[in-house]
Amino acid sequence: MKPATSQTNVFDSNRCKEPHLDILIIGAGWSGLYAAKYVKQEGLNFKILESRDDFGGVWNYTDSPKWITVMRNTVSSSSRHVTEASDFPMSQEFGNFMRHQDVMDYLRDYSAQFDLHKDNRYNSRVVSAEKNEDKDWVVKTSDEALFTASKLIVCAGVHQTQRKIVGPVSSFGGQIYHAGDFKHFDDLTVSEADHVIVYGGGETASDIIEQLVKKPCQLTWAIRGGQHFFRKAPLRPGAPPGQYDRWDNALDTQSTLIHALLTDFEKSKPGMRYGCNLASSGSVFSYQGHGLQVWKNETPWYHDAFNKNGHAVEYVWSGRVKAAPKIDNCQGQEVVFEDGSTVNATHIICCFGYTPKLDFLPEWATQRPTHLMYKLVFHPDDPSLSFIGYARPTILSIPFMAELQCIWASQIWAGKQNLPDSEIMRQEAKADLASREAYFPDYSNKNLVHPRGYAVDIFKLTGMKLFNESVSKNRWLKYHLPSMPFSPFLTYIMRGKYSKGDEQRVRDHAFPSIYYKSSPGKPAFGGSTIKYAWNGILRIGLMRLLSADTFFDLLAKRRMNRYGSSMRNFTDPASKVSISSEGIIERLENRLDRFVGNWFRQT
């Protein structure tokens, strides 16, 4: 549908006292600040409109229920290595995983570094946006201001409106909440007689479980359609359930060029999947990161969104939390799950997520959903409207994807590149959606992307190359590059921005370790690319050749079918298995599990 122009006096650009802008950015969260920085570097004049009194988006924590934010105790599930801006590293003082205070400090420093503060207008919620007869955007805000701009960039994020609580759970007779109703759990009074169900498999659910285990109530964690888990930091041997340190090494850095040469990330990481399970749980049998029959689905590894707060699953393994599948129906306070099990619950907290709120845009613009934008950025019907930060990666981070979008889109905004015509963009957007739906067949969020595949698309559009001129001339950098994780800093190198002053940052990123902690300032394997590659060949190449992942998955499924959990040895090490053929098989499996774990740590 072609965009229409407004004929009303409300959008008469003659009423606008603000100077005409090249670009107007809606939202001063992570994506909005990235967009502003790249727009500014292109010499374009712009302004950011933000409805709150400060920048930061959902990371700008407040106790006020008026604003949707992270919870008070939220710690990022993605590490600083894959979250920081490509050209502005995060302080190591934050650790590898950040609290909301750390994120706000970082974004404040980022804004100061690139002089973005003066171009922000706070307490200025966008009420409406239309095109005028001159084909400019005319935007009205809640404080009665009018702005005109040639282009409009929407960076308002998806955390705008709580998804409605519908389905069988809506008839529950006890107290029912949306996860967004809570910023913390200090005010939730429960006793040993209470039974709380946390319903959902995402990272918010993990955060809530992590807080509720400190309370005396009984807990059930129910998940619809299964879930894949991944621990953000390696399991600490002998540590209590759910424990990690914010300075622990990050598992999302296990994505170097060496890894990419030895495995296929888009085909469930053959030869490497067992290692992910080992690092996350200490066992090769933790199928899909949990090893629980009630949460198992048939979606292949990497073809679903990961819950990177996998440490919360340890509360299920320890027995503190009960795992359950989808809720089938509710009879008063009795909750019946799809496997026939029941719970008499007092509270249900629904982690159903959020939807974006784009009602300020004209009708023609919202008729096409964000997942049908060209490369999830440009509106095919009118490319003067673009969206940043709506691509959700299965792993790594949303800010990483948002910056990649800005690097490419800024070339379009500045007129340095041209887009295809509208019909071609519509066809490609439709084809990209079909490809994502085929890759993620069981996932409802159609903005979900495989981060490597999506990034490769952006690399091609921007002309970024791994071995560019600045790399080819630097022998030391070429030596370290194969051990660098897939991260914003790697894209900085690919854009030819590397200089002598970036050596320390290379040392900080190179040779990522799968161990929970390495000596400060000392990289894994002594900083030897040859040794790092050799260990990769042993751990990944050899096990891929042996089809080890398929074998371990088959054993894990057999254990789940028989016992409900493939983590039997982990959850109940003191149990005595009967002297039978089945008991002997299980003992052999447990010995194999320990042997592979010891071998993995020693190579």
Side-chain angles (χ1 to χ4, degrees), residues 77 200-203 206 223-232 251-252 254-255 259-281 283-310 313 323 325-326 371 391-396 401 431-457 486 539-561 564-567 593 596:
S77 58
E203 290 168 3
S206 288
I223 297 177
R224 301 175 290 182
Q227 179 66 51
H228 295 190
F229 287 87
F230 188 81
R231 209 178 194 277
K232 57 188 174 187
L251 289 178
D252 60 14
Q254 298 298 306
S255 57
H259 289 110
L261 291 172
L262 293 171
T263 189
D264 190 332
F265 285 85
E266 295 191 15
K267 294 183 179 179
S268 303
K269 298 171 71 173
M272 192 173 172
R273 195 163 64 249
Y274 83 100
C276 294
N277 287 336
L278 270 174
S280 288
S281 68
S283 171
V284 297
F285 298 135
S286 57
Y287 186 74
Q288 294 181 343
H290 53 75
L292 300 167
Q293 181 70 15
V294 293
W295 287 353
K296 178 175 72 70
N297 61 33
E298 299 306 318
T299 306
W301 185 259
Y302 249 85
H303 289 251
D304 200 348
F306 284 102
N307 179 337
K308 299 187 292 295
N309 285 336
V313 179
K326 174 184 175 182
H371 61 259
R392 182 188 173 182
T394 54
I395 201 165
L396 303 181
M401 299 297 104
D432 286 346
L433 174 61
S435 177
R436 293 196 301 273
E437 288 179 329
Y439 192 82
F440 304 112
D442 303 314
Y443 204 74
S444 59
N445 187 339
K446 297 183 185 300
N447 290 71
L448 190 68
V449 298
H450 188 288
R452 279 180 172 267
Y454 185 69
V456 167
D457 272 356
F486 186 60
R539 287 177 174 162
I540 302 172
L542 176 62
M543 298 304 268
R544 182 176 184 177
L545 186 65
L546 295 173
S547 298
D549 298 298
T550 302
F551 177 66
F552 294 141
D553 285 350
L554 287 172
L555 293 181
K557 288 179 181 179
R558 189 191 71 84
R559 291 159 72 101
M560 285 189 290
N561 289 334
S565 170
S566 61
M567 302 292 286
D593 194 13
V596 174

Does any part of the side chain of [Y], heavy atoms only, come nearer than 4.5 Å to the side chain of [X], both counted from C-beta?
| X | Y | answer |
| --- | --- | --- |
| N445 | R392 | yes |
| H303 | S268 | yes |
| R558 | N561 | no |
| R452 | S255 | yes |
| L251 | K232 | no |
| P393 | Y454 | no |
| M567 | S283 | yes |
| L292 | M560 | no |

Fill in: Residue of the set F230, F265, F440 for which side-chain contact (heavy atoms from CB on, under 4.5 Å) holds with Y302
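Option passing the side-chain contact (heavy atoms from CB on, under 4.5 Å) with Y302: F265.
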Item to complete: Not counting sequence neighbours, which residues clear ring-ring contact (aromatic ring centres under 6.0 Å, His included) with H371? List them please.
Response: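 Counting only residues at least two positions away or on another chain, H371 forms no ring-ring contact (aromatic ring centres under 6.0 Å, His included).
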Practice prompt. Could you list the residues that satisfy ring-ring contact (aromatic ring centres under 6.0 Å, His included) with F486, not counting sequence neighbours?
Written response: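 So F486 forms a ring-ring contact (aromatic ring centres under 6.0 Å, His included) with F400.
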Taking salt bridge (charged side-chain N to carboxylate O under 4.0 Å, His left out) as the definition, give me every residue that meets it alongside [X], ordered by chain and number, with sequence neighbours left out.
| X | result |
| --- | --- |
| K446 | E437 |
| K308 | E203 |
| K326 | none |
| D432 | K375 |

Discussion item. For the aromatic rings, using the six-membered ring if either is Trp, is the centroid distance between W295 and Y287 under 6.0 Å?
Written reply: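 W295 vs Y287: aromatic centres not under 6.0 Å.
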Worksheet item: Between D553 and R273, is the closest basic N to carboxylate O distance under 4.0 Å?
Response: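 Counted as a salt bridge, because a side-chain N and a carboxylate O are separated by less than 4.0 Å.
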Worksheet item: Parallel, tilted or perpendicular for F552 and Y274, by the 30°/60° rule?
Response: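 Rings of F552 and Y274: tilted, as their planes differ by 30° to 60°.
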